[in-house]
Amino acid sequence: AAPEMESLPEAVLIRILAALPAPELVLVCRLVCCHWRNLVDGAALWILKCQQEGLTRAESDAENWQNFYFLSKKRKNLIKNPCGEEGLEHWGEVENGGDGWKIEELPGDFGKEFPSEEVHKYFVTSYEWCRKAQVIDLRAEGYWEELMDTTQPKIMVRDWYAGRSDAGCLYELCVRLLSDNEDVLAEYKSETITIPQENDASWTEISHTFSDYGPGVRFVRFEHGGQDTLFWKGWYGVRVTNSSVTVGP
């Protein structure tokens with residue numbers, strides 16, 4: 001570093017560094033000298049960047065602030081096409097029982113509007129089991145191996161399901177955390193949820209959070225599906241939408 005930079009008080013230098021983009025701090029500034037490396041690896045710089053960008057956490061939580069910053073900035077829904085706006089695009093391992101999956105506009109026949117105005121469509125199942133899945137490559141999404149193995153950030157899973165008010169149906173959710181070799185390292189599997197005929201067609205959220213799952217997680221496999229219980233031709237089975245998988249601090 002230039003001598004005039006080295007002569008600055010540490011608090012001032014931290015404020016200057018905090019104005020730089022985070023990747024530049026880690027990939028460039030950290031390599032300048034031992035002093036800068038210690039600042040970039042320390043908490044003060046990242047606490048300041050979090051404060052500047054409105055990223056808050058409990059002050060008593062003394063874990064890695066750099067990881068907290070990057071996880072907070074990267075946080076997004078890793079499920080692609082969660083509401084059927086692109087048909088069945090991005091959904092693999094599709095099982096099309098009965099008349100198969102169909103995408104419909106909300107609220108649909110004998111249905112209710114979704115709690116969020118941002119959701120306009122849903123997937124609906126038929127008279128035999130319909131299932132579909134996505135496999136999320138965490139490294140491709142920017143969650144590096146050391147982060148997943150050491151920090152083990154929480155992996156939050158959510159899904160929404162509903163039935164028609166004139167038909168009963170079944171629903172299931174299964175989410176697995178997989179290794180490089182696709183070994184199952186952790187699993188959440190709901191019970192088979194039964195929605196009776198003459199229900200109120202309201203949307204229900206189901207969620208699960210993975211934590212302390214151990215090292216080696218590289219993929220998340222999300223699968224859900226269902227069917228109707230009356231075996232009526234057409235699309236009288238469970239409706240699903242707004243699925244999400246997020247990785248967070």
Side-chain angles (χ1 to χ4, degrees), residues 76-137 140-141 155-178 182 184 187-208 219-246:
K76 66 175 183 177
N77 185 5
L78 301 177
I79 292 285
K80 297 177 174 63
N81 186 28
C83 304
E85 296 289 348
E86 302 172 68
L88 284 169
E89 187 74 20
H90 304 296
W91 292 97
E93 304 177 52
V94 177
E95 181 179 347
N96 281 307
D99 287 322
W101 286 97
K102 184 182 179 184
I103 291 92
E104 296 181 342
E105 297 273 350
L106 281 157
D109 294 339
F110 295 91
K112 283 189 176 179
E113 290 288 357
F114 192 76
S116 169
E117 294 181 357
E118 297 177 357
V119 178
H120 306 288
K121 295 183 178 182
Y122 58 84
F123 303 90
V124 58
T125 60
S126 190
Y127 58 86
E128 291 179 352
W129 270 98
C130 297
R131 292 184 176 88
K132 58 187 177 69
Q134 277 192 42
V135 177
I136 298 163
D137 184 337
E141 296 292 344
I155 300 175
M156 288 76 70
V157 177
R158 292 183 174 86
D159 201 19
W160 288 82
Y161 65 91
R164 295 170 54 118
S165 61
D166 64 339
C169 59
L170 305 175
Y171 165 83
E172 286 183 359
L173 171 66
C174 180
V175 184
R176 292 172 175 168
L177 307 186
L178 306 177
E182 299 187 2
V184 178
E187 179 182 72
Y188 168 74
K189 189 170 185 179
S190 74
E191 61 182 349
T192 301
I193 296 170
T194 302
I195 301 175
Q197 192 174 7
E198 298 183 6
N199 65 89
D200 65 3
S202 61
W203 287 91
T204 300
E205 183 184 38
I206 184 171
S207 65
H208 178 75
F219 301 94
V220 180
R221 186 181 184 279
F222 179 104
E223 178 187 298
H224 62 179
Q227 69 171 89
D228 76 33
T229 53
L230 302 173
F231 302 98
W232 288 349
K233 183 171 177 58
W235 296 274
Y236 293 86
V238 72
R239 301 167 171 185
V240 294
T241 194
N242 206 37
S243 310
S244 68
V245 173
T246 56

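Just so it is clear, the structure is predicted and the values come from calculations on it, not from any experiment. Starting from 1, each residue takes its place in the sequence as its number. Hydrogens, waters and symmetry mates play no part in the numbers below; they use all other heavy atoms, side chains included.
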Inset, instruction - Could you give me the CA-CA distance, side-chain angles and deciding distance for Glu113 and Val119, then say whether side-chain contact (heavy atoms from CB on, under 4.5 Å) is met? - result: CA-CA 9 Å; Glu113 290 288 357; Val119 178; over 6 Å; no

Within the 4.5 Å heavy-atom criterion, are [X] and [Y] side-chain neighbours or not?
X: Lys76; Y: Glu141; value: yes
X: Thr229; Y: Leu170; value: yes
X: Ser207; Y: Arg158; value: yes
X: Tyr122; Y: Trp203; value: yes
X: Lys80; Y: Ile136; value: no
X: Thr192; Y: Tyr171; value: no
X: Pro82; Y: Asn77; value: yes
X: Leu178; Y: Val220; value: no

Please give me the minimum heavy-atom distance between [X] and [Y], naming the atom from each residue.
X: Asn81; Y: His90; value: CB-CD2, 4.0 Å
X: Gly97; Y: Ser126; value: O-CB, 3.5 Å
X: Glu117; Y: His120; value: O-CE1, 3.2 Å
X: Asn199; Y: Ala167; value: ND2-O, 3.4 Å
X: Lys121; Y: Leu106; value: N-CD1, 3.9 Å
X: Cys169; Y: Gly163; value: SG-CA, 3.8 Å

Inset, instruction - Determine yes or no for a side-chain-to-main-chain donor-acceptor pair under 3.5 angstrom, with Ser190 supplying the side chain and Leu173 the backbone. - result: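 A pair under 3.5 Å: yes.
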
Legend entry - Arg239 side chain to Pro107 backbone, donor-acceptor under 3.5 Å: yes

Legend entry - Sequence-distant partners of Tyr188, ring-ring contact (aromatic ring centres under 6.0 Å, His included), two or more places apart: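 Listed in chain order: His208.
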
Inset, instruction - State which residues pass ring-ring contact (aromatic ring centres under 6.0 Å, His included) with Trp160; sequence neighbours excluded, sorted by chain then number. - result: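 With sequence neighbours excluded, Trp160 shows a ring-ring contact (aromatic ring centres under 6.0 Å, His included) to Phe114, given in chain and number order.
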
Drop me the distance from [X]'s [atom1] to [Y]'s [atom2], to the nearest 0.5 angstrom.
X: Ile195; Y: Ser165; atom1: CD1; atom2: OG; value: 11.5 Å
X: Gln227; Y: Glu128; atom1: CD; atom2: CD; value: 7.5 Å
X: Thr241; Y: Glu104; atom1: OG1; atom2: CD; value: 11.5 Å

Inset, instruction - Using the ring of Trp101 (Phe, Tyr or Trp, six-membered ring only), decide whether Lys132 places NZ or CZ under 6.0 Å from its centre and within 45 degrees of its axis. - result: yes

Inset, instruction - Test the Lys102-Phe123 pair against the cation-pi criterion, namely NZ or CZ under 6.0 angstrom from the six-membered ring centroid and within 45° of the ring axis. - result: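 No, Lys102 does not lie over the aromatic ring of Phe123.
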
Legend entry - Name of the residue among Trp91, Trp129, Tyr161 meeting ring pair (Phe, Tyr, Trp, His ring centres under 6.0 Å) with His224: Trp91

Inset, instruction - Could you tell me whether Glu172 and Arg131 make a salt bridge, using a distance below 4.0 angstrom between a side-chain N and a carboxylate O? - result: yes

Legend entry - Residues Arg221, Glu182; criterion salt bridge (Lys or Arg N to Asp or Glu O under 4.0 Å); working and verdict: CA-CA 10 Å; Arg221 186 181 184 279; Glu182 299 187 2; over 6 Å; no

Legend entry - Asp228 vs Thr125, side-chain contact (heavy atoms from CB on, under 4.5 Å): CA-CA, chis, key distance, verdict: CA-CA 7 Å; Asp228 76 33; Thr125 60; over 6 Å; no

Inset, instruction - For side-chain contact (heavy atoms from CB on, under 4.5 Å), just list the numbers for Ile103 and Glu85, CA-CA rounded to whole Å, side-chain angles, deciding distance to a tenth of an Å, and then say yes or no. - result: CA-CA 8 Å; Ile103 291 92; Glu85 296 289 348; over 6 Å; no

Legend entry - Audit row: Val124, Val238, side-chain contact (heavy atoms from CB on, under 4.5 Å) steps and yes/no: CA-CA 6 Å; Val124 58; Val238 72; over 6 Å; no

Legend entry - Between Tyr236 and Asp166: side-chain donor-acceptor atoms closer than 3.5 Å: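 Checked: Tyr236/Asp166 side chains show no N/O donor-acceptor pair below 3.5 Å.
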
Inset, instruction - Would you please say whether a donor-acceptor pair under 3.5 Å links the side chains of Ser243 and Asp159? - result: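 There is such a pair between these side chains.
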
